[in-house]
Trainee: 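Below you will find the structure I want to go over with you.
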Amino acid sequence: MAKEGITPRAKDYSQWYLDIVRGADLADYAEVVRGCIVFKPTGYAIWEAIQRGLDERIKATGHVNAYFPLLIPKSFLMKEAEHVEGFAPEVAEVTRAGGEELAEPYVIRPTSETIIGYFYAKWVRSWRDLPLLINQWANVMRWEMRTRPFLRTTEFLWQEGHTVHADHDDAERETLMILNEVYADFVEKDMALPVLRGIKTEKEKFAGALRSYAIEAMMQDGRALQAGTSHNLGQNFAKAFDITYADKNNQVQHAWTTSWGVSTRLIGATIMGHSDDDGLVLPPRLAPIQVVIIPIYKSDAEKATVMEAIDRITAEWRGKLRFHVDTRDHLTPGFKFNEWEIKGVPLRMEVGPKDVQKQSVALAQRIIFDGPAIEGRKPKSFVPQAGLAEHVTMLLEQIQQGLYQRALKFREEHTFKAANYDELKERVEKGFVRCWWAGSRHDEEQIQEETKATIRVIPNEQPRGKGKCVYTGKEAEKIAVFARAY
RNA sequence: CGGGGCGUAGCGCAGCCUGGUAGCGCACCUGCCUUGGGCGCAGGGGGUCGGAGGUUCGAAUCCUCUCGCCCCGACCA
């Protein structure tokens, strides 16, 4: 039974998603600016948690943060042929400033390879300057046709890493390291969503890249969502922007660059990946509030003793757990239970007069994994106040793991094999389809036309041997994963 | 950008066909009452009916234009 105001997932997945976003108060439509949203405090807090988890990993792998201008001279965009073609249709331009027409328009960055390339050309002189490993946290703008909160907005927030290397292998190493040790590690551990790691086909790769890699997560309707990409840009941008260095033999060489990014789309992935008909479900590691505490009382005297107990219990929580005490007096406990469930707080603690007396508290999980809720309600457990911080920490970790396992199971149950095109067409409606692939870019376009599905990745992990291509029937060496994508 | 739907109070909607001084539920405010699963009762506040123009004595309602949102496609982090 869905919560009031939330369309059931099974009935209308899109509307369900929008209901979750609205119900949990994550965002507001910025109706005065096309395709933009306001990240409301709870939605932004999720982004901050994502930033923390990623920034930590980005720095742990040797990168530093910097910041480059929002505006890019339009001519910069034109320097890399494929890049222009890929991004020109969706850039916004600034043509007037200071009350005058500009001699050369600026574009609002849709991504920063070009302007960063310009500066890297000035900074890189010698092999001793390499690798250059910089990340930036920024906003970008892309005039997309159709937008939806977090998943695709005109302006969005992201991080974009831009690195320079001496040779192909070092750039390739960086690209794969970011995909595995930064992105996949973060999404699987902190967001609790399993991902497929692999390489993109020619059709799907980044405009201007030599090769693109990606991690792909499955949403609860069986569609794929690209959770992060990492590009080996080869020497394309180095040549366009003249990023050169003197090697050990004093020979001038073009450098090799990479770029990689994840965006506020990850907020959407988290929502879509875990939530249910009762509202938002957040993995504890990303939840702005991990434990909400509801005091229960009938009189001022009771309130005083209950609040005193809460203060005593939470005194040792500071710095360890993110918690919130809901002291609103005009709302009943039942109302608060429902509200915090819609908002996705992983754990609720109730403290009432009986608990004070028994030195206990009542705990209720937002989501349980071992059986159905009792009469639509989450079962509560009564636990002693002694050692509560450890118990709560353990429960949160259990929930984190439980969410990952549940998502993994869902993905496995919605991943199919296809030996021929008919099977592919039928099964890709329901989830991921793994099949042998030896087709061309044109074949892939044809399949997209007919099925709306694309190759999300050629997974890194491949079975031994060869097979028959699902489309052309030719001998194939690789398995591809097809899916409809967000 | 193509197809479809919709803009009326913070939210969800009725009213429009057949023009006549704008309504319902929830939320909000005040008081009393209540508080371990969406309390109750009473009183109250809140609207240039998305915007502009037109028809008319009179427009939420009819006509034209326009802006925006949602859904489905094509494009994408």
Side-chain angles (χ1 to χ4, degrees), chain A residues 3-5 7 12-19 22-23 25 28-37 85-90 110-111 138-160 183 200 204 206-207 212 214-216 225-231 259-269 278 294-300 302-303 306 326 328-342 348-356 360-362 364 373-380 382 445 448-449 452 454 484-486:
Chain A
K3 283 249 156 88
E4 197 177 315
T7 306
D12 184 342
Y13 196 76
S14 287
Q15 190 56 51
W16 166 80
Y17 173 77
L18 295 167
D19 288 346
R22 182 180 40 73
D25 202 29
D28 201 1
Y29 286 107
E31 64 273 2
V32 290
V33 189
R34 197 206 99 114
C36 290
I37 58 168
E85 202 185 318
F87 284 101
E90 57 187 44
T111 178
N139 56 341
V140 291
M141 184 165 267
R142 299 180 187 176
W143 221 257
E144 301 290 354
M145 299 286 186
R146 193 168 144 227
T147 59
R148 73 161 107 200
F150 299 122
L151 293 176
R152 195 185 308 101
T153 48
T154 302
E155 180 185 0
F156 58 94
L157 307 180
W158 74 347
Q159 60 69 217
E160 47 178 327
Y183 291 162
K200 288 283 181 184
E204 296 285 317
F206 177 76
S212 288
I215 52 173
E216 295 278 336
L225 190 142
Q226 182 173 304
T229 47
S230 179
H231 315 291
S259 70
W260 28 277
V262 305
S263 71
T264 35
R265 164 178 279 189
L266 289 186
I267 301 172
D278 286 338
I294 315 287
I296 289 159
Y297 47 81
K298 290 192 177 70
S299 63
D300 285 351
E302 274 186 359
K303 183 180 179 183
V306 164
D326 190 344
R328 291 174 298 175
D329 234 350
H330 63 293
L331 298 172
T332 60
F335 185 91
K336 293 177 182 179
F337 298 165
N338 278 283
E339 181 175 285
W340 291 110
E341 279 164 13
I342 293 168
R348 180 181 78 238
M349 180 170 106
E350 302 167 26
V351 182
K354 290 178 212 162
D355 298 300
V356 174
S360 66
V361 301
I374 297 161
E375 290 175 13
R377 290 187 188 150
K378 322 294 175 204
K380 299 176 191 180
F382 296 88
E445 282 164 359
Q448 181 175 14
E449 185 103 355
K452 295 170 194 147
T454 51
R484 292 182 178 171
Y486 275 99

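Only heavy atoms go into these numbers, but all of them, side chains included; no hydrogens, no water, no symmetry mates. Just so we're on the same page: letters track the sequence lines, and every chain starts at 1.
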Trainee: If we take the C1' atom in both rA60(B) and rG50(B), what is their distance in whole Å?
Mentor: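 About 12 Å, rounded to a whole number of Å.
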Trainee: What interatomic distance, in whole Å, is found between P of rA27(B) and the corresponding atom of rC41(B)?
Mentor: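 Between the two P atoms, the distance is 11 Å.
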Trainee: Strictly under 4.0 angstrom, non-hydrogen atoms only: write out the protein contact profile of nucleotides 2-8 of chain B, one letter per nucleotide from the 5' end, B, S or -.
Mentor: -------
Trainee: Excluding sequence neighbours, so at least two apart, what forms side chain to side chain contact (heavy atoms under 4.5 Å, CB included) with A227(A)?
Mentor: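 A227(A): side chain to side chain contact (heavy atoms under 4.5 Å, CB included) contacts with V187(A), I215(A), L266(A).
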Trainee: Take atom C1' in rC67(B) and the same atom in rG53(B), then report the distance between them in whole Å.
Mentor: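 Those two atoms are separated by 14 Å.
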Trainee: Do K303(A) and D300(A) meet the salt-bridge criterion of a basic N to acidic O distance under 4.0 Å?
Mentor: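 Not counted as a salt bridge, because no side-chain N and carboxylate O are separated by less than 4.0 Å.
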Trainee: Taking only the C1' atom of each, what is the distance from rA9(B) to rG5(B) in whole angstrom?
Mentor: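 Looking at atom C1' only, rA9(B) and rG5(B) are 23 Å apart.
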Trainee: Would you mind classifying the nucleic acid contact of R348(A) as base, sugar-phosphate or nothing, using non-hydrogen atoms under 4.0 angstrom?
Mentor: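 Base, at least one base heavy atom under 4.0 Å.
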Trainee: Could I get the full list of ring-ring contact (aromatic ring centres under 6.0 Å, His included) partners for Y486(A), not counting sequence neighbours?
Mentor: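 With neighbours one apart ignored, the set is empty.
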Trainee: Can you check whether P110(A)'s main-chain N or O pairs, donor with acceptor, with R142(A)'s side chain at less than 3.5 Å?
Mentor: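 Checking the backbone N and O of P110(A) against the side chain of R142(A), a donor-acceptor pair under 3.5 Å is found.
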Trainee: List in chain and number order the residues that pass ring-ring contact (aromatic ring centres under 6.0 Å, His included) with F156(A), two or more places apart in sequence or in another chain; answer none if no residue qualifies.
Mentor: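 W158(A).
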Trainee: For Y13(A) and rC72(B), what is the distance between atoms OH and P respectively, to the nearest whole Å?
Mentor: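 That distance rounds to 12 Å.
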Trainee: Expressed in whole Å, how much space separates the P atoms belonging to rC75(B) and rU48(B)?
Mentor: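 Straight-line distance between the two P atoms is 42 Å.
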Trainee: Is rC49(B) paired to anything, Watson-Crick or G-U wobble with both distances less than 3.5 Å, and if yes, which nucleotide?
Mentor: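 Base-paired to nothing in any strand shown.
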Trainee: Checking the side chain of E144(A) only, and the main-chain atoms of T153(A) only, is there a donor and an acceptor separated by less than 3.5 Å?
Mentor: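 Side chain of E144(A) to backbone of T153(A), a donor-acceptor pair under 3.5 Å: no, none is there.
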Trainee: What are the atom names and distances for every N/O pair under 3.5 Å that joins the protein to nucleotides 74-77 of chain B?
Mentor:
{"from": "rC75(B)", "atom 1": "OP2", "to": "Q448(A)", "atom 2": "NE2", "distance (Å)": "3.3"}
{"from": "rC75(B)", "atom 1": "O2", "to": "E144(A)", "atom 2": "OE1", "distance (Å)": "3.3"}
{"from": "rC76(B)", "atom 1": "O2'", "to": "E144(A)", "atom 2": "OE2", "distance (Å)": "2.8"}
{"from": "rC76(B)", "atom 1": "O2", "to": "R152(A)", "atom 2": "NE", "distance (Å)": "3.1"}
{"from": "rC76(B)", "atom 1": "O2", "to": "R265(A)", "atom 2": "NH2", "distance (Å)": "3.4"}
{"from": "rC76(B)", "atom 1": "N3", "to": "R152(A)", "atom 2": "NE", "distance (Å)": "3.4"}
{"from": "rC76(B)", "atom 1": "N3", "to": "R152(A)", "atom 2": "NH2", "distance (Å)": "3.4"}
{"from": "rA77(B)", "atom 1": "O3'", "to": "Q226(A)", "atom 2": "NE2", "distance (Å)": "2.8"}
{"from": "rA77(B)", "atom 1": "O3'", "to": "R265(A)", "atom 2": "NH1", "distance (Å)": "3.2"}
{"from": "rA77(B)", "atom 1": "N6", "to": "T153(A)", "atom 2": "N", "distance (Å)": "3.3"}
{"from": "rA77(B)", "atom 1": "N6", "to": "T153(A)", "atom 2": "O", "distance (Å)": "3.0"}
{"from": "rA77(B)", "atom 1": "N3", "to": "S263(A)", "atom 2": "OG", "distance (Å)": "2.8"}

Trainee: rG20(B) pairs with which nucleotide, Watson-Crick or G-U wobble, both distances below 3.5 Å?
Mentor: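 Across any shown strand, rG20(B) pairs with rC57(B).
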Trainee: State whether the number of non-hydrogen atoms from other residues, nucleotides or ligands found under 6.0 Å of E445(A) atom CD is greater than 12.
Mentor: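 Above 12, so yes.
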Trainee: Sub-3.5 Å donor-acceptor pair from the side chain of S259(A) to the main-chain atoms of H231(A), do we have one?
Mentor: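 No; zero donor-acceptor contacts below 3.5 Å.
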Trainee: Taking only nitrogen or oxygen atoms into account, show me every contact under 3.5 Å that the protein makes with nucleotides 11-14 of chain B, one pair per line with its distance.
Mentor:
none

Trainee: Run the salt bridge (charged side-chain N to carboxylate O under 4.0 Å, His left out) test against D28(A) and tell me which residues pass, sequence neighbours left out.
Mentor: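 Scan of D28(A) (salt bridge (charged side-chain N to carboxylate O under 4.0 Å, His left out), adjacent residues dropped) gives none.
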Trainee: Any donor-acceptor pair under 3.5 Å joining the side chain of E341(A) to the base of rG38(B)?
Mentor: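 Such a pair does not exist between side chain and base.
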Trainee: Expressed as a whole number of Å, how far does the C1' atom of rG15(B) sit from that of rG7(B)?
Mentor: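 Those two atoms are separated by 15 Å.
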Trainee: Regarding G23(A), tell me which of base, sugar-phosphate or nothing describes its non-hydrogen contacts under 4.0 Å with the strands shown.
Mentor: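 The answer is nothing, as G23(A) stays clear of every strand by at least 4.0 Å.
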Trainee: Can you list everything that forms a ring-ring contact (aromatic ring centres under 6.0 Å, His included) with Y183(A)? Sequence neighbours excluded, please.
Mentor: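 Listed in chain order: nothing, the list is empty.
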Trainee: Rounded to the Å, how far apart are R148(A) CZ and rG73(B) C1'?
Mentor: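 Those two atoms, CZ and C1', are 12 Å apart.
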Trainee: Which residues satisfy the side chain to side chain contact (heavy atoms under 4.5 Å, CB included) test with S360(A), sequence neighbours excluded?
Mentor: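 With neighbours one apart ignored, the set is D355(A), K358(A).
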Trainee: Please confirm whether the backbone N or O of K200(A) pairs with a side-chain atom of E204(A), one donor and one acceptor, at under 3.5 Å?
Mentor: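 No; judged by distance alone, with no hydrogens or angles, the pair does not exist.
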Trainee: Distance between the C1' atoms of rC16(B) and rG20(B), in whole angstroms?
Mentor: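 These two C1' atoms come out 14 Å apart once rounded.
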Trainee: What residues, two or more places apart in sequence or in another chain, satisfy side chain to side chain contact (heavy atoms under 4.5 Å, CB included) together with E155(A)?
Mentor: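 For E155(A), the residues satisfying side chain to side chain contact (heavy atoms under 4.5 Å, CB included) (neighbours in sequence not counted) are C36(A), N139(A), M141(A).
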Trainee: When you compare rA22(B) with rG46(B), how far apart are their C1' atoms, in angstrom units rounded to a whole number?
Mentor: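 Those two atoms are separated by 13 Å.
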Trainee: Do the non-hydrogen side-chain atoms of L151(A) and L225(A) ever get within less than 4.5 Å of each other?
Mentor: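 Answer yes - side chains close enough.
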Trainee: If the condition is salt bridge (charged side-chain N to carboxylate O under 4.0 Å, His left out), which residues does K354(A) pass it with, not counting sequence neighbours?
Mentor: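 Expected list: none.
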Trainee: With the sugar-phosphate defined as primed atoms, P, OP1 and OP2, and the base as all remaining atoms, what B/S/- string results for nucleotides 27-36 of chain B, 5' to 3', for protein heavy atoms under 4.0 Å?
Mentor: --------BB
Trainee: Could you tell me the Watson-Crick or G-U partner of rG68(B), where both distances fall under 3.5 Å? Say none if there is no partner.
Mentor: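 Pair assignment: rG68(B) / rC6(B).
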Trainee: My understanding is that a pair needs two contacts under 3.5 Å, Watson-Crick or G-U wobble. By that rule, which nucleotide pairs with rC28(B)?
Mentor: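 Its partner is rG44(B).
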Trainee: Between I342(A) and G35(A), name the one whose nearest nucleotide on RNA chain B is closer to the 5' end.
Mentor: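 Nearer the 5' end of the strand: I342(A).
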Trainee: Counting the atoms with a prime plus P, OP1 and OP2 as sugar-phosphate, which does L18(A) contact under 4.0 Å by heavy atoms, base, sugar-phosphate, or nothing?
Mentor: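 Answer is sugar-phosphate: L18(A) comes under 4.0 Å of backbone atoms only.
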